[in-house]
Trainee: 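If you scroll down you'll find the structure; I have some questions about it.
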Amino acid sequence: MRHFWRLDARPKGHDYAASLTLVSEEISPPAEGEVLVEAHYLSMDPGVRVWMTAREDGYSPAIPLGTPMVGQFLGRVLESAHPGFSAGDLVRGFGHWATHSTVDPVAAGLTRLDEDVADIRDHFGVLGLNGWTALCGLVDVLGIKSGETVLVSAAAGATGSVACQIAKGRGCRVIGIAGSDAKCAWLTGKLGIDAAINYKNQNVAAELERLGGGIDAYFENVGGDLLDAVLPNMALYGRIGICGLIAGYTSDTGLPGPVRFDQILMKRLTIKGIFLPDFIAEGRDYYPELRAMYDAGKLAGDFDETVGIENVLKAFTRLMTGRNTGKVLVKIRDFSSR
Ligand SMILES: NC(=O)c1ccc[n+]([C@@H]2O[C@H](COP(=O)([O-])OP(=O)(O)OC[C@H]3O[C@@H](n4cnc5c(N)ncnc54)[C@H](OP(=O)(O)O)[C@@H]3O)[C@@H](O)[C@H]2O)c1
């Protein structure tokens, strides 16, 4: 049997239990060209919250009601009807919040994974699409250089924590913004960044000013009030990369523009969107550089792990309410190497 979460209604706020149902069905063999994967882990990603809304103006269409909830899996191929994959392959891709996903490898972005890693879960975090996004945003979109001041929001999360380490490794002065003193201590302690601001009990604008302002590059994951606090602290000709706007993901209408829009002119700022799939479509492969950092012990991650398909909504709520440090994932079944 396969167990999966079905989206039955558009959620209000973070009340996911009212909108998603855990369903069971018989597993069918894959059709010609498809691959059946049994999940070890599911990745929790904030972007899918936008696809749960009825928004028509997003980068992906809304998930139709009555269909399985979309999400990333890491698992083994159980059965393949595609020449590029064999039973037993360890793979990552986009399927469903499910114990098993049957996918078209191209549509799913199905990727065969290297099993020679210290922790297989790193293929979701520092070596996975969060790591790829961080490297893409900092290097290909923001073009950070040694000696610059780089600011990262949601800095203790899966993407932000990798961004902090990459920027630090490239000789930048790095400031992180996160939502608890413990997260800030982790950022300045374990990850070794230069300063961290707890936006829940500190005035972000005043703290950035106290730290000297002059932010050359801002890796934005949040939007809303945070972006307004940052804008007056940008350096002249500063660059902002909008990777995420999680402060607005529960909204059916998106986030309004920043109140301090005037700073774009006053500081002659450049603002660009960061969208990893565009770069993947162009053939960019961020794995070798991330893997080299990882092997050199320069890329550390943390995990916020929940166990069991029945607890997916709890894990997703933890992610969307900022209770995580590092990558949020759900363990579906134990991993064993071949
Ligand atoms: N553009 C792309 O290609 C791409 C790819 C992957 C991810 N992303 C984006 O990158 C961002 C981070 O994703 P992730 O997977 O790494 O998640 P994550 O950072 O591990 O978790 C989300 C974090 O956002 C923070 N946050 C700040 N303000 C928040 C608010 N108002 N509501 C909820 N959370 C808030 C929370 O921590 P604190 O409250 O402690 O800060 C929370 O831990 C998201 O915006 C995501 O959409 C974009």
Side-chain angles (χ1 to χ4, degrees), residues 13-14 42-53 58-60 71-72 94 109 121 124-138 140-142 151-166 175-187 191 196-202 204 218-230 240-251 254-255 272-282 284 286 301-306 315-330:
H14 298 300
L42 301 178
S43 167
M44 298 289 105
D45 297 289
V48 302
R49 180 64 185 84
V50 181
W51 309 344
M52 289 180 184
T53 69
Y59 52 70
S60 284
Q72 280 189 85
F94 275 90
R121 299 175 299 174
F124 261 159
V126 297
L127 297 171
L129 297 192
N130 299 105
W132 284 48
T133 302
L135 189 53
C136 166
L138 289 173
D140 289 343
V141 178
L142 286 167
L151 177 67
V152 180
S153 59
T159 309
S161 59
V162 180
C164 285
Q165 294 171 79
I166 293 169
I175 304 170
I177 302 173
S180 76
D181 290 343
K183 291 185 186 188
C184 288
W186 183 71
L187 288 165
L191 301 195
I197 301 169
N198 178 351
Y199 73 93
K200 290 199 175 151
N201 64 14
Q202 291 182 286
V204 176
Y218 178 34
F219 191 101
E220 171 65 299
N221 285 314
V222 177
D225 293 344
L226 272 192
L227 183 52
D228 276 315
V230 172
I240 299 177
I242 307 285
C243 173
L245 295 168
I246 194 169
Y249 284 0
T250 56
S251 159
L255 265 188
K272 289 184 183 173
I274 300 167
F275 189 58
L276 180 68
D278 291 349
F279 292 81
I280 292 178
E282 285 172 9
R284 275 292 262 145
Y286 297 97
D302 206 341
F303 298 99
D304 185 293
E305 183 176 302
T306 297
F316 191 64
T317 306
R318 287 185 65 76
L319 171 79
M320 295 306 298
T321 54
R323 275 178 267 166
N324 61 305
T325 296
K327 181 71 198 166
V328 180
L329 38 76
V330 179

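Numbering of ligands and ligand atoms starts at 1, following listing order. Note that the structure is a prediction, hence the values are computed from the model and not measured.
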Trainee: Tyr199 to ligand 1: N or O pair under 3.5 Å?
Mentor: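 Between Tyr199 and ligand 1 (N or O atoms, distance only) the closest approach is under 3.5 Å.
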Trainee: Which ligand 1 atoms does Tyr249 reach within 4.0 Å, using its non-hydrogen atoms?
Mentor: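 Here the atoms of ligand 1 in question are 45 (O), 46 (C), 47 (O).
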Trainee: Mind checking whether Cys243 has an N or O less than 3.5 Å away from an N or O of ligand 1?
Mentor: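 It does: an N or O of Cys243 is found under 3.5 Å from an N or O of ligand 1.
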Trainee: Is there a donor-acceptor pair under 3.5 Å between the side chain of Gln202 and the backbone N or O of Val204?
Mentor: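 Answer holds: no.
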Trainee: Could you tell me if Arg121 sits above the aromatic ring of Phe303, with its cationic atom closer than 6.0 Å to the ring centre and no more than 45 degrees from the axis?
Mentor: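 Ring-cation test returns yes.
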Trainee: Could you tell me the separation between the CZ atom of Phe94 and the OG atom of Ser43, rounded to the nearest 0.5 Å?
Mentor: 7.5 Å
Trainee: Taking the side chain as C-beta and beyond, is there a heavy-atom pair between Asn201 and Asp181 under 4.5 Å?
Mentor: yes
Trainee: Tell me the contacting part of Leu129 for ligand 1: side chain, backbone, both, or neither, using a 4.0 Å heavy-atom threshold, strictly below.
Mentor: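 For Leu129, there is no contact with ligand 1 at all, from either part.
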Trainee: Taking only heavy atoms of Ala158, which atoms of ligand 1 are found under 4.0 Å from at least one of them?
Mentor: 16 (O), 18 (P), 19 (O), 20 (O)
Trainee: Would you call the rings of Tyr286 and Trp132 parallel, tilted or perpendicular, taking 30° and 60° as the class edges?
Mentor: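 Perpendicular: the ring planes of Tyr286 and Trp132 meet at over 60°.
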Trainee: Between CG of Leu142 and SG of Cys243, what distance do you get to the nearest 0.5 Å?
Mentor: 10.0 Å
Trainee: To the nearest 0.5 Å, how far apart are CD1 in Ile240 and CZ in Phe219?
Mentor: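 So the gap between those two atoms works out to 13.0 Å.
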Trainee: For the CD1 atom of Ile175 and the CD1 atom of Ile197, what is their distance to the nearest 0.5 Å?
Mentor: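 These two atoms lie 6.0 Å from each other.
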Trainee: Could you tell me the residue and atom name of the protein heavy atom closest to atom 11 (C) of ligand 1, and the distance to it rounded to 0.1 Å?
Mentor: Asn221 OD1, 3.3 Å
Trainee: For Leu276, counting its heavy atoms only, list the atoms of ligand 1 lying under 4.0 Å from any of them.
Mentor: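 Atoms satisfying the 4.0 Å criterion: 3 (O).
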Trainee: I'd like to know if Ser161 contacts ligand 1, where contact means a heavy-atom distance under 4.0 Å to any ligand atom.
Mentor: no
Trainee: Provide, to 0.1 Å, the distance between atom 6 (C) of ligand 1 and the closest protein heavy atom, together with that atom's residue and name.
Mentor: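 Of every protein heavy atom, Thr133 OG1, 3.7 Å lies nearest to atom 6 (C) of ligand 1.
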Trainee: Among protein heavy atoms, which sits nearest to atom 19 (O) of ligand 1, and what does the distance come to when rounded to 0.1 Å?
Mentor: Gly157 CA, 3.2 Å
Trainee: May I ask whether Ala178 places a heavy atom under 4.0 Å from ligand 1?
Mentor: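 Under 4.0 Å: yes for Ala178.
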Trainee: In terms of residue, atom name and distance, what is the protein heavy atom nearest to atom 44 (C) of ligand 1?
Mentor: Pro46 CG, 3.9 Å
Trainee: How are the rings of Phe275 and Tyr59 set relative to one another: parallel (under 30°), tilted (30 to 60°) or perpendicular (over 60°)?
Mentor: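 If you compare the ring of Phe275 with that of Tyr59, the planes turn out tilted.
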Trainee: May I ask you to identify the nearest protein heavy atom to atom 25 (C) of ligand 1, giving residue, atom name and distance to one decimal place in Å?
Mentor: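 Nearest protein contact, heavy atoms only, for atom 25 (C) of ligand 1 is Ala154 CB, 3.8 Å.
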Trainee: Do Ser153 and Tyr199 come within less than 4.5 Å of each other through their side chains, counting heavy atoms only?
Mentor: no
Trainee: Do Thr317 and Arg323 touch side chain to side chain, with heavy atoms closer than 4.5 Å?
Mentor: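 The answer is yes; the side chains approach within 4.5 Å.
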Trainee: So, applying side-chain hydrogen bond (donor to acceptor under 3.5 Å, both in side chains) with Lys327, which one of Thr159, Asp302, Asn130, Asp304 is it?
Mentor: Asn130
Trainee: Relative to the heavy atoms of Lys183, which atoms of ligand 1 are at a distance of less than 4.0 Å?
Mentor: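 Near Lys183, meaning under 4.0 Å from one of its heavy atoms, ligand 1 has 37 (O), 38 (P), 40 (O), 43 (O).
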Trainee: Which atoms of ligand 1 are found less than 4.0 Å from any heavy atom of Ile274?
Mentor: 1 (N), 2 (C), 3 (O)
Trainee: List ligand 1 atoms under 4.0 Å from Gly322, heavy atoms only on the residue side.
Mentor: 36 (C), 37 (O), 42 (C), 43 (O)
Trainee: With a sphere of 6.0 Å drawn around CG of Asp225, does it hold more than 12 non-hydrogen atoms of other residues, nucleotides or ligands?
Mentor: no
Trainee: Students should be able to answer this: which protein heavy-atom is nearest to atom 35 (C) of ligand 1, and at what distance?
Mentor: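 Of the protein heavy atoms, Ile246 CG2, 3.5 Å lies nearest.
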Trainee: At a non-hydrogen distance cut-off of under 4.0 Å, which region of Thr159 contacts ligand 1 (side chain, backbone, both, or neither)?
Mentor: both
Trainee: Would the distance check show the side chain of Lys183 and the main-chain N or O of Asn324 forming a donor-acceptor pair, the cut-off being under 3.5 Å?
Mentor: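 Yes.
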Trainee: Could you identify the single nearest non-hydrogen protein atom to atom 43 (O) of ligand 1 and state the distance to 0.1 Å?
Mentor: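 Sorting protein heavy atoms by distance from atom 43 (O) of ligand 1 puts Asn324 OD1, 2.5 Å first.
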Trainee: By number and element, which atoms of ligand 1 are closer than 4.0 Å to a non-hydrogen atom of Gly326?
Mentor: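 Those atoms are 20 (O).
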Trainee: Less than 3.5 Å between some nitrogen or oxygen of Gly179 and one of ligand 1, yes or no?
Mentor: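 It does: an N or O of Gly179 is found under 3.5 Å from an N or O of ligand 1.
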Trainee: Can you tell me how far apart CD1 (Ile177) and OH (Tyr218) are? Round to the nearest 0.5 Å.
Mentor: 4.5 Å
Trainee: What part of Met320, side chain, backbone, both or neither, has a heavy atom within less than 4.0 angstrom of ligand 1?
Mentor: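 Just the backbone.
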Trainee: Nearest to atom 31 (N) of ligand 1 by heavy atom, Gly224, Ala247, Gly160: which?
Mentor: Ala247
Trainee: Please could you name the atoms of ligand 1 that Asn130 approaches to less than 4.0 Å, counting only its heavy atoms?
Mentor: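 Those atoms are 14 (P), 15 (O), 16 (O).
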Trainee: Would you mind checking which non-hydrogen protein atom is closest to atom 21 (O) of ligand 1, with the distance to 0.1 Å?
Mentor: Leu319 CD1, 3.3 Å
